[in-house]
Amino acid sequence: MTNTLVVLLGPTGVGKTALSFHLARHLHTPIISSDSRQFYRGLEIGTAAPTFEEQQQIKHHFIGILDVTDYYNAAQFETDVLSLLETDIFKQAPTGLIVGGSMMYIDAVCKGIDDIPTVDESIRQELLERLEKEGLDSLRMQLKILDPEYYAEVDLKNHKRILHGLEICLMSGKPYSSFRTKKVKERPFNILKIGLNRPREELYERINLRVDEMIKQGLVEEARKFYPYKHLNSLNTVGYKELFQYFDGNWEYDFAVNMIKQDSRNYARRQLSWFNRYDDIHWFHPDNEEEIFEFIDTSLYQFDIYL
RNA sequence: GGUGCCAUAGCUCAGUUGGUAGAGCAACGGACUGAAAAUCCGUGUGUCCCUAGUUCGAUUCUUGGUGGCACCA
């Protein structure tokens, strides 16, 4: 029997979680979360992470494994997931299940990610200060000298990309572009991508309702606990950053809640824009559960025959 | 009931000395390799309230409606 990783993806709020539970039972396998913000402990309400009770029913990996002050990235996720599949999940079941919407993380698992040095915190800080003092233009000019190839293709207005390219050049003494082979790595298992989507109006309606639900569950209190950490990347997250504006007195409460809805909708749109690049995703409406299961069963069966 | 003001994009509003219109926000599309729920780029999507006039031509001027707001009764 060949091993297969089923990838369940879709925009935020589409209904991945509900379906993932049924699918995990069906496949007799735990759920690997690939929602990068669900990795952080304490952000359960705002990231719609599965509750403790739900995790009692179905084993979940990667939920709440990090402290908000911890550093993590997609490459580490690739390593962690591959090792988990090899040493644990595929030992117990032929099929793994990864569920989420963080596309860079999913891509890292499915296609691999280039071997680039991990960023040194002091260099990043230094460059951030330079960005503040000297402006983006200065960093751009230096990148142009150190890595003309990347400079030619990078989005010159995106300071994060400029900064990252430059910090890799400075750290390694080699051009950032020399690390970017963009080679797709072979995986020792099949990958079956299932995409969930709904008509836009329906999706937005669900997102709006879910935000109201989060507020009822105590999102404001949850966010207040992390107010002292608002400068951290992990808290630069939809559902928290807007409430921090409210705590700071910059926004009215109702306005902040509406902004959470808006930012969630925009996030969903950006996710969909990423998905559109792929032609290996099999799309379904989340309500068609039987159809989805049937499709997965058939696909798994075919993998076994042809390999 | 009377008088005045207003009606233009999803919203708030500009504007056209008469030649079918443009800002902000929203919305929509896109990019994406160790910060990614991040970050960045692009795009006006319109019975200019309705009707009848004047005019070569009306969203703009005039008549009559309709709706809203304010004041007076």
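Every chain is numbered from 1 and lettered A, B, ... according to where its sequence line falls, protein lines coming before strand lines. Values below: all heavy atoms of this structure, side chains included; hydrogens, waters and symmetry mates excluded.
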Calculate the interatomic distance between A/Trp274 atom CH2 and B/rU33 atom P; express it in whole Å. 7 Å
What integer distance in Å separates A/Arg37:CZ from B/rA38:P? 7 Å
Which way is the base of B/rG34 turned, syn or anti, if we draw the line at 90° from 0? syn
Tell me whether the side-chain N/O atoms of A/Ser273 come closer than 4.0 Å to OP1 or OP2 in B/rC32. no
Tell me the interatomic distance from A/Asn258, atom CG, to B/rC11, atom P, rounded to whole angstroms. 16 Å
Describe the nucleic acid contact of A/Ser234 in one word from base, sugar-phosphate, nothing, applying a heavy-atom distance below 4.0 Å. nothing
Under 4.0 Å from any atom of RNA chain B, heavy atoms only: list the residues of residues 139-153 of chain A that qualify, in numerical order. none
Qualifying side-chain hydrogen bond (donor to acceptor under 3.5 Å, both in side chains) pairs, either residue in residues 134-147 of chain A, two or more places apart: A/Arg130-A/Glu134, A/Arg130-A/Ser138, A/Arg130-A/Gln142, A/Glu134-A/Ser138, A/Asp137-A/Arg140, A/Asp147-A/Ser177
Just wondering, more than 12 heavy atoms not from A/Gln56 lying within 6.0 Å of its CD? yes
Using a strict heavy-atom distance below 4.0 Å, which residues from residues 159-166 of chain A are in contact with RNA chain B? A/His159, A/Lys160, A/Arg161, A/Leu163, A/His164
Should A/Asn276 be listed as having a side-chain N or O under 4.0 Å from OP1 or OP2 of B/rG29? no
Whole-Å distance between B/rU33 P and A/Asn158 CG? 9 Å
List, by chain and then residue number, the residues other than A/Met259 in its hydrophobic cluster (Ile/Leu/Val/Met/Phe/Trp/Tyr, side-chain heavy atoms under 4.5 Å); write none if there are no others. A/Trp251, A/Phe255
Could you check whether atom NZ of A/Lys185 has more than 12 heavy atoms from other residues, nucleotides or ligands sitting under 6.0 Å from it? yes
Pull out every residue in residues 73-85 of chain A that has a heavy atom closer than 4.0 Å to any atom of RNA chain B, ordered by number, or say none. A/Asn73, A/Ala75
Can you tell me which residue among A/Thr95, A/Ile98, A/Ile191 is in a side-chain contact (heavy atoms from CB on, under 4.5 Å) with A/Val6? A/Thr95
Please check if any side-chain donor atom of A/Tyr267 sits under 3.5 Å from a side-chain acceptor atom of A/Gln271, or the reverse. yes
If we take the P atom in both B/rG24 and B/rU62, what is their distance in whole Å? 32 Å
Which ones in residues 168-180 of chain A lie close to RNA chain B, meaning a heavy atom under 4.0 Å from one of its atoms? A/Tyr176, A/Arg180
Mind checking A/Tyr240 for me? I need base, sugar-phosphate or nothing, with any heavy atom below 4.0 Å counting as a touch. nothing
Restricting to pairs with a member in residues 251-273 of chain A, which pass salt bridge (charged side-chain N to carboxylate O under 4.0 Å, His left out), not counting sequence neighbours? A/Asp212-A/Lys261
How close or far is atom P of B/rA35 from atom CD of A/Glu167, stated in whole angstroms? 7 Å
Between atom NE2 in A/His231 and atom P in B/rA38, what is the gap in whole Å? 18 Å
For A/Arg37 and A/Thr47, which I'm curious about, is there any donor-acceptor pair between the side chains at under 3.5 Å? no
Rounded to whole angstrom units, what separation is found between the CG atom of A/Asp107 and the P atom of B/rG34? 12 Å
Do A/Asn233 and A/Tyr72 meet the criterion of a side-chain donor-acceptor pair at a distance under 3.5 Å? no
Charged N to carboxylate O under 4.0 angstrom, A/Lys193 versus A/Asp280? yes
Would A/Glu153 and A/Arg180 pass as an ion pair if we require N to O under 4.0 Å? yes
For atom P, what is the distance between B/rU8 and B/rU59, given to the nearest Å? 15 Å
B/rA35, OP1 or OP2 - any side-chain N/O from A/Arg124 closer than 4.0 Å? yes
When the distance from CD1 of A/Ile123 to P of B/rG34 is rounded to whole Å, what number comes out? 15 Å
Taking only the side-chain heavy atoms of A/Lys241 (C-beta and beyond), determine which of B/rA26, B/rU33, B/rA38 contains the nearest atom. B/rA38
Scanning all shown strands, the Watson-Crick or wobble mate of B/rG67 with both distances under 3.5 Å is B/rC6
In terms of hydrophobic clusters joined by side-chain contacts under 4.5 Å, are A/Phe62 and A/Ile45 together? yes
Within the pair A/Tyr71 and B/rA35, is there a side-chain N or O less than 4.0 Å away from OP1 or OP2? yes
Tabulate protein N/O versus nucleotide N/O from nucleotides 23-25 of chain B, keeping only pairs under 3.5 Å, one per line.
none

Between A/Arg277 and A/Asn236, whichever has its closest RNA chain B nucleotide further toward 5' is A/Arg277
A/Phe90: which residues meet the side chain to side chain contact (heavy atoms under 4.5 Å, CB included) condition with it, sequence neighbours left out? A/Asn3, A/Leu85, A/Phe189
Closer than 4.0 Å, any side-chain N/O of A/Tyr105 to the OP1 or OP2 of B/rA36? yes
Could you give the distance separating B/rA7 and B/rU51 at their C1' atoms, to the nearest angstrom? 15 Å
Give each protein N/O atom lying under 3.5 Å from an N/O atom of nucleotides 41-44 of chain B, with the pair distance.
none

Give, ordered by number, those residues of residues 200-227 of chain A having at least one heavy-atom distance below 4.0 Å to an atom of RNA chain B; if nothing qualifies, reply none. A/Arg200, A/Tyr204
I'd like to know if A/Ile194 and A/Tyr278 are part of one continuous hydrophobic network [Ile/Leu/Val/Met/Phe/Trp/Tyr, side-chain heavy atoms within less than 4.5 Å]. yes
Hydrophobic side-chain clustering at under 4.5 Å (ILVMFWY, transitive links): who's grouped with A/Leu143? Put none if nobody. A/Ile116, A/Val119, A/Ile123, A/Leu127, A/Leu128, A/Leu131, A/Leu136, A/Leu139, A/Met141, A/Leu146, A/Tyr150, A/Tyr151, A/Val154, A/Leu156, A/Ile162, A/Leu163, A/Leu166, A/Ile168, A/Leu170, A/Met171, A/Tyr176, A/Phe179
For B/rU16 and B/rG46, measure between their C1' atoms and round to the nearest Å. 15 Å
